[in-house]
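Reading through the structure tokens given below for one structure.
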Amino acid sequence: MSKAHTPAPCAAPQGSAPMACDGQTLAGGITRRTVLAGGAALAAPFVHAQERPVLRFAWWGGAGRHQATLAALKVFEQRHGVKVKAEYMGFAGYLERLTTQIAGRSEPDVMQINWAWMAMFSKRGNGFTDLSTVAKHLSLDQFTEDDLAYGRAAGKLNALPSSFSARVLLWNQTAFQRAAVPLPQTWDDLFATGAAFRARLGDSAFPLDGELYDMILLSQSYIQQLHGTPFVDPARPRVAMSVGAAHDWVRTYRRLVDTHVATPLPLRASLGGAEKPTEQQPDWVAGRWAGNYTWDSTIALRSSTLQPGEKLTLGTFPTLPTAQDSGLFGRPTVMYTIGRNCRQPELAARLMNFLLTDPEAARILGRTRGLPSAKSSLAVLQAQGGLPPLELAAHAQIQAQRDAGRLKRPAPLFEHARFQKFMREVFETIAYGKTTDADAARRLVDEGNALLQRIQ
């Protein structure tokens with residue numbers, strides 16, 4: 001006789017009744033299939049949580065940008081069932097951390113970068129994901145061809161701009177009225193303001209303030225209009241200025257300082273540091289420093305500290321009659337890119353597109369990264385109302401120059417960290433009287449060319 005089949009008990013959690021391994025009924029009418037089905041249901045949330053996609057997004061900024069970005073990311077997470085790991089900080093140390101991550105192939109999936117960093121990390125266009133491979137997830141029609149051109153490296157689309165920023169002249173109209181000086185319209189007008197301010201308001205009054213880099217760029221604009229070339233060739237890693245043009249550049253910088261138009265570097269250094277922002281300078285707050293050459297994205301900061309009664313206005317950018325372009329320096333404020341080692345590039349592209357073009361994201365992010373480059377996002381903010389008139393005027397001034405082809409794309413290497421350091425060092429020697437104009441010009445050309453060859 002054959003023995004009756006007895007279900008073999010399976011291992012069960014401690015304190016539980018034994019289960020059958022073949023689906024037969026156990027005590028209480030419970031079958032193995034019932035137990036397995038129940039177990040699967042209990043395990044489902046755990047499995048779902050484990051499989052939830054995760055993206056890393058890194059950016060820098062201040063408290064306002066952080067809060068708005070986190071709120072926008074929450075909306076994206078809810079819509080797409082995604083977890084976005086936010087990696088944010090202030091600007092100090094951000095590039096160093098990103099450099100280490102990229103070198104170790106552990107960079108975030110989506111990153112906020114400066115435009116010039118493309119020349120550091122993606123010289124041949126392969127340092128970041130080629131966005132053409134995920135173009136179906138990107139609303140590229142929201143950007144102009146010029147916008148897209150700023151994001152290309154070696155012909156590959158590496159990044160998209162959040163906004164565009166360029167240099168503008170801001171004038172304290174009230175201070176100019178006190179000095180009985182009209183707002184400058186031409187370069188000659190600008191160069192004449194210093195003597196008038198000194199004569200009528202004293203030695204502590206200056207028509208224009210700016211950090212060293214601000215004055216380097218303003219002087220370069222004049223030379224670009226005069227000689228038809230910027231310092232660095234946009235197409236090749238070489239200095240485009242002749243020694244004669246570089247000599248004029250140095251003399252233009254010195255002229256701004258020596259004629260009492262611009263605040264001297266040693267004076268700024270003695271008042272809390274040469275790089276102390278203009279809006280933190282007591283002389284700016286009180287209206288003794290009456291102008292600033294700055295990024296249009298800083299207008300809100302500059303105006304925020306002026307004492308009551310001081311009125312800020314946008315200046316006309318001076319242009320020589322023979323100039324082929326304005327010489328204005330402009331480029332994307334910040335850009336978004338996808339890491340080369342991103343394992344979910346399509347999902348990362350959706351996140352990038354959301355941040356740049358989604359209407360709800362536009363309302364949440366506002367102007368935390370400047371006025372949006374994407375047409376739809378800018379339209380959302382315009383329809384919403386409340387955009388500061390001065391910022392809109394600056395945006396229109398810059399866009400008019402771009403539309404007219406008078407704001408040329410600069411060389412990315414011009415803003416390379418090592419090249420920036422070199423330029424500043426040369427102009428510091430000029431500011432402190434440690435070199436002659438001729439020697440400084442020769443250094444700018446000869447040493448500039450050598451450095452460009454090393455960092456290209």
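R331 forms a cation-pi arrangement with W295, by the criterion of a distance under 6.0 Å to the ring centre and an angle within 45° of the ring axis.
Remark: aromatic rings of F197 and F206 are distant, center separation not under 6.0 Å. No close placement of the F164 and F143 rings is indicated, their centers lying 6.0 Å or farther apart. The aromatic ring centroids of Y222 and F191 lie less than 6.0 Å from each other. The aromatic ring centres of F57 and Y336 sit less than 6.0 Å apart.
Contact of the V84 side chain with the K74 side chain is not registered, since no non-hydrogen atoms from C-beta on lie closer than 4.5 Å. Residues Q185 and F317 are not in side-chain contact: their nearest non-hydrogen atoms beyond the backbone lie 4.5 Å or more apart. Put simply, the side chain of L169 does not reach to within 4.5 Å of the side chain of T316, judged on heavy atoms. Inter-residue side-chain proximity for D358 and R79 is flagged as met; some heavy-atom pair is nearer than 4.5 Å. For the pair L138 and L356, the minimum side-chain heavy-atom distance is 4.5 Å or more. Within the 4.5 Å cutoff, the side chain of N158 has no heavy atoms near those of the L131 side chain. P372 is listed as a side-chain neighbour of L381, based on a closest heavy-atom distance under 4.5 Å. F414 has its side chain within reach of L217: a pair of non-hydrogen atoms, C-beta onward, lies under 4.5 Å apart.
Remark: H416 NE2 to L451 CG distance equals 8.0 Å, nearest 0.5 Å. Atom-to-atom distance recorded for L256:CG and Y293:OH is 11.0 Å, nearest 0.5 angstrom. The OG1 atom of T357 sits 9.5 Å away from the CG atom of L160 when rounded to the nearest 0.5 Å. Here CG of L306 is found 5.5 Å from CH2 of W284. Values are rounded to the nearest 0.5 Å. Atoms CE and CE, from M335 and M111 in turn, are 12.5 Å apart once rounded to the nearest 0.5 Å. Rounding to the nearest 0.5 Å gives a distance of 5.0 Å between CH2 of W171 and CG of L190.
The closest donor-acceptor contact from the side chain of S122 to the backbone of G127 lies under 3.5 Å. Here the side chain of S139 pairs no donor or acceptor atom with the backbone of Q142 at under 3.5 angstrom. Side-chain N or O atoms of K123 include none that pairs as donor or acceptor with a backbone N or O of M120 at under 3.5 Å. Between the side chain of T322 and the main chain of L320, no donor-acceptor pair closer than 3.5 Å is present. A distance-only check finds no donor-acceptor pair linking the side chain of N114 to the backbone of A116 [under 3.5 Å]. Looking at D296, its side chain does come within 3.5 Å of a backbone N or O of A166 through a donor-acceptor pair. With hydrogens and angles ignored, the 3.5 Å screen pairs a side-chain donor or acceptor of D214 with a backbone N or O of E211. The closest donor-acceptor contact from the side chain of R198 to the backbone of H260 lies at 3.5 Å or more, if one exists at all. With hydrogens and angles ignored, the 3.5 Å screen pairs no side-chain donor or acceptor of R167 with any backbone N or O of L328. Side-chain N or O atoms of N449 include one that pairs as donor or acceptor with a backbone N or O of V445 at under 3.5 Å.
T435 and T429 share no donor-acceptor pair across their side chains, judged by distance under 3.5 Å alone. Using modelled atom types and a 3.5 Å distance limit, the side chains of D130 and T133 yield no donor-acceptor pair. D325 and Q225 are not linked by any side-chain donor-acceptor pair at a separation below 3.5 angstrom, with hydrogens and angles left out of the test. No side-chain donor-acceptor contact under 3.5 Å links D109 and Q344. Between the side chains of R236 and Q456, no donor-acceptor pair is found at a separation under 3.5 Å. Side chains of D437 and H247: no donor on one and acceptor on the other come within 3.5 Å.
Taking all atoms of both residues into account, the shortest heavy-atom contact from Q324 to R406 is O-NH1, 3.7 Å. Across R97 and E87, no two heavy atoms sit closer than the pair NH2-O, 3.6 Å. Considering every non-hydrogen atom in both W187 and P318, the closest pair reads NE1-O, 3.2 Å. Listed here is the closest heavy atom pair of V239 and L452: N-CD1, 3.6 Å. When all heavy atoms of P412 and A119 are compared, the pair lying nearest together is CB-CB, 3.7 Å.
Exactly one of D209, T294, N172 qualifies for a side-chain hydrogen bond (donor to acceptor under 3.5 Å, both in side chains) with R302. That residue is T294. Across F91, Y94, Y88, a single residue satisfies ring pair (Phe, Tyr, Trp, His ring centres under 6.0 Å) together with W59, and that is Y88. Looking at S373, P161, P410 one by one, the single match for side chain to side chain contact (heavy atoms under 4.5 Å, CB included) with Y150 turns out to be P410.
Note on ring orientation: taking the six-membered ring where Trp is involved, the planes of W117 and F121 are perpendicular (angle over 60°, cut-offs 30° and 60°).
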Full working for side-chain contact (heavy atoms from CB on, under 4.5 Å) between V334 and W60 = CA-CA 10 Å; V334 296; W60 76 85; 3.7 Å; yes
Exercise. Determine, step by step, whether R402 and D146 satisfy the side-chain contact (heavy atoms from CB on, under 4.5 Å) criterion, reporting the C-alpha distance in whole Å, the side-chain angles of both residues, the deciding distance to 0.1 Å, and the verdict.
Key: CA-CA 9 Å; R402 295 180 73 187; D146 194 44; 2.9 Å; yes
**OP:** Report the C-alpha distance between R238 and Q453 in whole Å, list the side-chain angles of each, state the deciding distance to 0.1 Å, and finish with yes or no for side-chain hydrogen bond (donor to acceptor under 3.5 Å, both in side chains).
**Re:** CA-CA 7 Å; R238 70 178 185 92; Q453 290 301 310; over 6 Å; no
Step-by-step salt bridge (Lys or Arg N to Asp or Glu O under 4.0 Å) determination, E425 to K421 | CA-CA 6 Å; E425 287 175 351; K421 184 174 181 290; 2.7 Å; yes
(request) Given side-chain contact (heavy atoms from CB on, under 4.5 Å), test V380 with R363 step by step and report yes or no. (result) CA-CA 7 Å; V380 166; R363 283 187 285 270; 3.6 Å; yes
(message) Please evaluate residues Q173 and L312 with respect to the criterion side-chain contact (heavy atoms from CB on, under 4.5 Å), reporting the C-alpha separation (whole Å), side-chain torsions for both, the decisive distance (0.1 Å), and the verdict.
(response) CA-CA 6 Å; Q173 190 169 358; L312 205 60; over 6 Å; no
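At a threshold of 4.0 Å, the pair R178-E310 counts as salt-bridged, since one of the basic side-chain nitrogens sits closer than that to a carboxylate oxygen. A salt bridge links R152 to E145: at least one charged side-chain nitrogen sits closer than 4.0 Å to a carboxylate oxygen.
When the shell of 6.0 Å around CZ of R442 is examined, it contains 12 or fewer heavy atoms from other residues, nucleotides or ligands.
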Under 3.5 Å, side-chain donor or acceptor atoms of residues 270-277 against the rest of the protein: list the pairs with distances, not counting sequence neighbours.
residue, atom, partner, partner atom, Å
S270, OG, L267, O, 2.7
K276, NZ, L271, O, 3.4

Identify all side-chain donor-acceptor contacts of residues 389-400 below 3.5 Å with residues at least two apart in sequence or on another chain.
residue, atom, partner, partner atom, Å
E391, OE1, R367, NE, 2.9
E391, OE2, R367, NH2, 3.0
Q397, NE2, G315, O, 3.1
Q399, NE2, D403, OD1, 2.9

